[in-house]
Amino acid sequence: MPIRLYNSLTGKKEEFVPKDPANVTMYACGPTVYAMSHIGHARSAVSFDVISRYLRYSGFRLTYARNYTDVDDKIINRANEEDVSCDELAERYIKAFDEDMASLGVLLPDARPRATQTIGRIIALTSALIEKGFAYASGADVFYSVRKKKDYGKLSGKNIDELEAGARVDVNEAKADPLDFALWKGSKPGEPAWNSPWGMGRPGWHIECSAMCMDRLGETIDIHGGGRDLIFPHHENEIAQSEAYTGKTPFARYWLHNGFVNIAKEKMSKSLGNILNIRDALTGHTPEAIRLFLLSSHYRSPIDYTQESLKDAENAVDRLYKTIERVDRECPEANGKEHRDEQWFAPIIEAMDDDFNTAMVIGLLFKEVSLANRLLDEGGRDNAQELSRILSLIKEASGFLGVFDKAPEDYYKLRRAVIGLKISPDEIERLISERNEARKTKDFKRADEIRRGLLEQGVVLEDAPDGTKWSA
RNA sequence: GGCGGCGUACCCAAGUGGUAAGGGAGCAGUCUGCAAAACUGCCAUUCAGCGGUUCGAACCCGCUCGCCGCCUCCA
């Protein structure tokens, strides 16, 4: 079964046929590093992380690049506000972004180019576009002329005349046409600047991605991704300038765009003050819960972040690890045996092949979790074969989902740290013994008192046939 | 105004032509000293509404209503 994916360029789900299956290329737009990254950045990164993992899982040899845009108006403004250099500011937020991604289990892309390290290529591209007649210098600025390429608008479905009528574009006398966009901007004193044929200056917004992309992956790539909002103007402009430069169409064979994360049904925005940083989301929740939350909907759908939806994800992760732990305990012989069964795994592959339908995969996994518990209730050891199959299945899927890949005890350790459990495991064990003494002498009042006390501190007790278990 | 998307149970969410996955919540039962967890059963004759195509539609077409995104920086 081939992979099918939704291509924003054609508006259809298409079979994925890479240019060269032995060397698949993917580029995802990374953050502009001027502030802490938020849950929306996390969604984009997690989506393309899963896609890259799955392409590799499917047998493609993939080169995946994700950039940092580290020169930009917003960075300059912020750096001025804080009275630090642009480099220092960018460096700080690149580091923070990397840390956030690592905690969410996002693997490092093969290449992580920075705009400021690709200036030579940007200048070369800009010069070439002028030579080819697609761009023009105006003072110290260089603009791309959108009307020069007749298929401008093919990604976003816009046409130039309607955009013109929209009149929401800024008026700039230096431009021949209000819709033209800057490839190169002459810099004011104090701004980051590089020497160029047009004087000291810096790149415009869209050109850096074309440059980094070509630099790392070549003139035609297989997959180009990013958030939905980048379709216009960013990706539209990337297509225009790249195709004008190379003369090759298409620049990217498949365009993939992830949906937004809304906060309680509202778009995150500075004016609403509802931007949820990854770090804030990470206090009080395990990274795995956040990742599961993000993967519980299809990557193209909008999702709504609420306290409750996170709690749901948290419960689901707990349920899964609790079940794995139970299998380990009640049927140890199920563990360790690799039991890859194509037949049983087929529905999961089918779901992933269908435009990376992680929500479906998660549904299928939880069906297996229910089955595992039922088998254990019926007498685990008789079902070792079946249980080991389920364990293998979860392990296999966790490889590309990036969740459910820990040992249960590691997960619980992390969870205790996240919720800030004050009481020590030793103290808990001591109280459990005390309670079990009380239970033996039928002093249930005392026993319940201890249980209630622990519950108030976030510790839940379970009296199982083979002893009392606790969890946070 | 232009372009695009969405509307599936109390909540979240798959399913896109063959008769409604999964999770959470809730209710009842098994187990338990009581709980918790797990399991079992119940919980959408129906997929915003109305028409149409079809042997058959949540899935295709048309219209209506509602919500949202992009068109300006944005993941």
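Residue numbers start from 1 in every chain, and the chains themselves are labelled A, B, ... in the order their sequence lines are given, proteins ahead of strands. Below, each value reflects all heavy atoms present in this structure, side chains not excepted, and no hydrogens, waters or symmetry copies.
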Residues [X] and [Y]: side-chain donor-acceptor under 3.5 angstrom:
X        : Y        : answer
A:Glu14  : A:Thr10  : yes
A:Ser47  : A:Asp49  : no
A:Tyr411 : A:Asp318 : yes

Could you give the distance separating [M] and [N] at their [atom1] atoms, to the nearest angstrom?
N     : M     : atom1 : result
B:A58 : B:A21 : P     : 14 Å
B:G18 : B:U40 : P     : 28 Å
B:C31 : B:C39 : C1'   : 9 Å
B:U8  : B:A13 : C1'   : 9 Å
B:U16 : B:C59 : C1'   : 4 Å
B:U46 : B:G51 : P     : 15 Å
B:A9  : B:C27 : C1'   : 15 Å
B:U30 : B:A35 : P     : 11 Å

With a 4.0 Å cut-off on heavy atoms, is [X] in touch with a base, just the backbone sugar-phosphate, or nothing at all?
X        : value
A:Arg66  : nothing
A:Thr323 : nothing
A:Gly259 : base
A:Gly227 : sugar-phosphate
A:Ser301 : sugar-phosphate
A:Ser47  : nothing
A:Arg43  : nothing
A:Phe293 : nothing
A:Lys367 : sugar-phosphate
A:Ile231 : nothing
A:Lys322 : sugar-phosphate
A:Arg326 : sugar-phosphate

Let me know the distance between [atom1] of [X] and [atom2] of [N], rounded to the nearest Å.
X        : N     : atom1 : atom2 : value
A:Arg4   : B:U16 : CZ    : P     : 11 Å
A:Glu308 : B:A13 : CD    : C1'   : 13 Å
A:Arg374 : B:U30 : CZ    : C1'   : 15 Å
A:Glu462 : B:C31 : CD    : C1'   : 13 Å
A:Lys154 : B:C70 : NZ    : P     : 24 Å
A:Asp377 : B:G41 : CG    : P     : 13 Å

According to a strict under-4.0 Å criterion, is [X] in side-chain N/O contact with OP1 or OP2 of [N]?
X        : N     : value
A:Arg319 : B:A36 : no
A:Asn373 : B:C39 : yes
A:Ser309 : B:A13 : no
A:Arg228 : B:C70 : no
A:Asn357 : B:G15 : yes

Please confirm whether the backbone N or O of A:Gly30 pairs with a side-chain atom of A:Asn67, one donor and one acceptor, at under 3.5 Å? yes
Should [N] form a Watson-Crick or G-U wobble pair with both distances under 3.5 Å, which nucleotide is its partner?
N     : answer
B:C34 : none
B:C10 : B:G24
B:C63 : B:G49
B:G17 : none
B:G29 : B:C39
B:G69 : B:C3

Could you please spell out the steps behind the side chain to side chain contact (heavy atoms under 4.5 Å, CB included) verdict for A:Tyr152 and A:Ile160? CA-CA 8 Å; A:Tyr152 184 83; A:Ile160 292 178; 3.8 Å; yes
Nearest-nucleotide pick for [X], side chain only, options being [options]:
X        : options             : value
A:Asp448 : B:A75, B:A37, B:G33 : B:G33
A:Arg435 : B:C34, B:A13, B:C70 : B:C34
A:Asp463 : B:A75, B:C39, B:A35 : B:A35
A:Ser44  : B:G23, B:C73, B:A75 : B:A75
A:Lys158 : B:G2, B:G23, B:G33  : B:G2
A:Asp229 : B:A35, B:G23, B:C70 : B:C70
A:His38  : B:C73, B:A75, B:A37 : B:A75
A:Arg451 : B:C39, B:G33, B:A36 : B:G33
A:Ser297 : B:A75, B:A13, B:G2  : B:A13

Ignoring hydrogens and angles, answer whether the base of B:C3 and the side-chain atoms of A:Asn159 contain a donor-acceptor pair closer than 3.5 Å. no
Does the Lys NZ or Arg CZ of A:Arg43 fall within the cation-pi geometry relative to A:Phe260 - under 6.0 Å from the ring centre and within 45° of the axis? no
Between A:His206 and A:His235, is the ring centroid distance below 6.0 Å? no
Find which nucleotide of RNA chain B each of A:Thr32 and A:Arg439 is nearest to by heavy atoms, and output the residue with the more 5' nucleotide. A:Arg439
Using the closest heavy atom to pick a nucleotide of RNA chain B for each, name whichever of A:Met360 or A:Ser156 lands nearer the 5' end. A:Ser156
Using the rule given for side chain to side chain contact (heavy atoms under 4.5 Å, CB included), can you reason through A:Val106 versus A:Arg66, listing the C-alpha separation, both sets of side-chain angles and the distance that settles it, and then say yes or no? CA-CA 12 Å; A:Val106 174; A:Arg66 185 191 61 212; 3.9 Å; yes
Check the pair A:Arg78 / A:Cys86 against side chain to side chain contact (heavy atoms under 4.5 Å, CB included), numbers first and verdict last. CA-CA 8 Å; A:Arg78 180 63 69 95; A:Cys86 288; over 6 Å; no
Hey, is A:Phe366 stacking on B:G22? Ring centres under 5.5 Å, planes under 30°. no
Answer yes when A:Arg319 and A:Glu314 have at least one side-chain N-carboxylate O distance shorter than 4.0 Å, and no when they do not. no
